[in-house]
Amino acid sequence: MWFWVWTLLIVGSLVGAFFLARYLWRSAMGLMDELGRASRRIGEASDRLQELSDRAREAATSQHAGPSLFDDVTIHYQRVNAQRSARGMRKDARRARHVVTWQKWKHFND
């Protein structure tokens with residue numbers, strides 16, 4: 001009698017192991033498919049990023065970004081003087097706006 005019980009337990013364990021192995025195999029195959037898709041997407045993204053970085057590099061080299069170490073010193077001085085005069089004009093305009101505002105405030109306090 002015990003023979004049938006042990007046989008049933010062993011057969012049940014084998015059937016359970018079969019279904020577990022099938023589930024794990026299908027999960028592993030699904031994971032491999034997803035990893036394949038992800039690697040293709042990463043490849044496409046890296047190609048796109050390479051293309052965009054090449055475009056950005058070309059755009060950066062085509063435009064002069066500003067002063068460099070090897071430019072003529074007089075050009076630097078002209079650029080600095082132009083910036084200083086522009087800053088002075090902005091300062092004068094801001095000061096004029098402030099004077100107008102201060103005069104309005106003075107009339108409210110009187």
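- Around atom CH2 of Trp102, more than 12 heavy atoms belonging to other residues, nucleotides or ligands sit under 6.0 Å away.
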Solution key, residues 39-54 side-chain donor-acceptor pairs under 3.5 Å, sequence neighbours excluded:
| residue | atom | partner | partner atom | Å |
| --- | --- | --- | --- | --- |
| Ser39 | OG | Leu35 | O | 3.4 |
| Ser39 | OG | Gly36 | O | 2.8 |
| Ser46 | OG | Ile42 | O | 3.3 |
| Ser46 | OG | Gly43 | O | 2.9 |
| Arg48 | NH1 | Glu51 | OE2 | 3.4 |
| Gln50 | NE2 | Asp54 | OD1 | 3.1 |
| Glu51 | OE2 | Arg55 | NH2 | 2.6 |
| Ser53 | OG | Leu49 | O | 3.3 |
| Ser53 | OG | Gln50 | O | 2.9 |
| Asp54 | OD1 | Arg57 | NH1 | 3.0 |

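- Under the side-chain hydrogen bond (donor to acceptor under 3.5 Å, both in side chains) criterion, Asp72 pairs with Thr74, not counting sequence neighbours.
- Under a 4.5 Å side-chain heavy-atom criterion applied to ILVMFWY residues, the cluster that includes Leu9 comprises Trp2, Val5, Trp6 as well.
- Rounded to the nearest 0.5 Å, atoms CD1 (Ile75) and CD (Gln78) are 7.0 Å apart.
- Tyr23 shares a hydrophobic cluster with Leu20, Leu24; the chain of contacts runs through ILVMFWY side chains whose heavy atoms sit under 4.5 Å apart.
- In this structure, Phe19 belongs to a hydrophobic cluster whose other members, linked by side-chain heavy atoms under 4.5 Å apart, are Val11, Val15, Phe18.
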Side-chain polar contacts of residues 82-93 - donor-acceptor pairs under 3.5 angstrom, sequence neighbours left out - could you list them?
| residue | atom | partner | partner atom | Å |
| --- | --- | --- | --- | --- |
| Ser85 | OG | Asn81 | O | 3.3 |
| Ser85 | OG | Ala82 | O | 2.9 |

